[in-house]
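Read the structure below first, then the notes.
These values consider heavy atoms only, across backbone and side chains, with no hydrogens, waters or symmetry-generated copies.
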Amino acid sequence: MRTPTPTRGPARRLRGGAVGVLTGTLATGAHVGTSGRVPDLGVVVLLVALLSWVAYAFAGRRRGPLAILGLVAGGQLAMHACLTFLTWQSHAHHAESPGNGLSMAAGHAAATLVVAMVLAGAEHVVYALTTLIASVLPRRLTPPPATAPLRIHVPLAVQFPATEALLRDVLSRRGPPVASA
């Protein structure tokens, strides 16, 4: 039995997905709140999937609050750049308000800090729960004792072992039979 750990298997996927979804959701919320424009749902889902994939790569070991803050800040920056470009392309005929850039940056900064604090706390809780569960579960430290002798199949002796191996593994038996040639 393996000791449970949040850096492998479904727990790692869940951690990476949580980082991607929270980062993408709050980046989209900051954009909607400051610009008043709702981005295309397909683009948001694609960007969240990409963020989750990148976060999954970082979920291979325990991360501290600063590493989580850097990951979330990078995700916020990427989401901001993509959403700003796409919003600008689709609404190029609208005039931008003069204070929009500062409020947009403040919205992203606030979202980044909130998400990083939530994820750092969740990371601590997940590792504490995993440690607790691992301390309660039984572990097998030694292999089980042998109850029966190990049986090994020994092939019968062949007359020409090298030729037999060559014919069996290297040369194919495709083509007409030897008698008809």
Side-chain angles (χ1 to χ4, degrees), residues 1-29 41-79 82 111-181:
M1 172 183 287
R2 285 187 136 168
T3 304
T5 176
T7 58
R8 277 188 265 149
R12 181 178 179 184
R13 287 188 286 277
L14 182 66
R15 288 173 60 227
V19 171
V21 167
L22 283 174
T23 302
T25 302
L26 283 177
T28 304
L41 181 63
V43 172
V44 171
V45 168
L46 178 66
L47 292 174
V48 166
L50 287 172
L51 283 174
S52 298
W53 180 57
V54 170
Y56 172 76
F58 282 94
R61 65 182 181 92
R62 188 172 185 170
R63 303 287 175 183
L66 290 177
I68 293 172
L69 179 65
L71 180 63
V72 172
Q76 289 282 322
L77 184 65
M79 285 286 288
C82 290
T112 299
L113 289 176
V114 167
V115 169
M117 288 184 343
V118 167
L119 288 174
E123 181 95 349
H124 180 71
V125 168
V126 164
Y127 273 89
L129 282 175
T130 304
T131 303
L132 178 68
I133 290 170
S135 69
V136 174
L137 289 178
R139 290 184 286 171
R140 185 180 299 180
L141 300 176
T142 58
T147 57
L150 182 63
R151 303 215 182 257
I152 300 175
H153 174 69
V154 179
L156 298 174
V158 242
Q159 207 171 20
F160 303 104
T163 308
E164 178 65 26
L166 181 66
L167 289 175
R168 182 183 60 236
D169 295 335
V170 177
L171 298 177
S172 66
R173 298 179 187 224
R174 294 175 57 187
V178 177
S180 67

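- In plain terms, the two heavy atoms of Ser52 and Val21 that are nearest each other are OG-N, 3.9 Å.
- Contact detail for Val72 and Leu119: the closest heavy-atom pair is CG2-CD1, 3.8 Å.
- Listed by first and then second residue, the salt bridge (charged side-chain N to carboxylate O under 4.0 Å, His left out) pairs that reach into residues 111-129 are Arg15-Glu123, sequence neighbours excluded.
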Practice problem: Go through Leu26 and Met79 one step at a time and tell me if the side-chain contact (heavy atoms from CB on, under 4.5 Å) criterion holds. | Solution: CA-CA 10 Å; Leu26 283 177; Met79 285 286 288; over 6 Å; no
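- Closest approach of Leu47 to Cys82, counting heavy atoms only: CD1-CB, 3.6 Å.
- Here the side chains of Thr23 and Thr112 are not in contact, with every heavy-atom distance at 4.5 Å or above.
- Within the structure, salt bridge (charged side-chain N to carboxylate O under 4.0 Å, His left out) pairs that include any residue of residues 124-138 do not occur (at least two apart or interchain).
- Considering every non-hydrogen atom in both Gly16 and Ala55, the closest pair reads O-CB, 3.4 Å.
- Taking CG of Leu69 as the start and CE of Met117 as the end, the distance is 10.5 Å to the nearest 0.5 Å.
- Rounding to the nearest 0.5 Å places CG of Leu46 at 11.0 Å from CG of Leu41.
- No donor-acceptor pair under 3.5 Å is formed between the side chain of Thr25 and the backbone N or O of Leu22.
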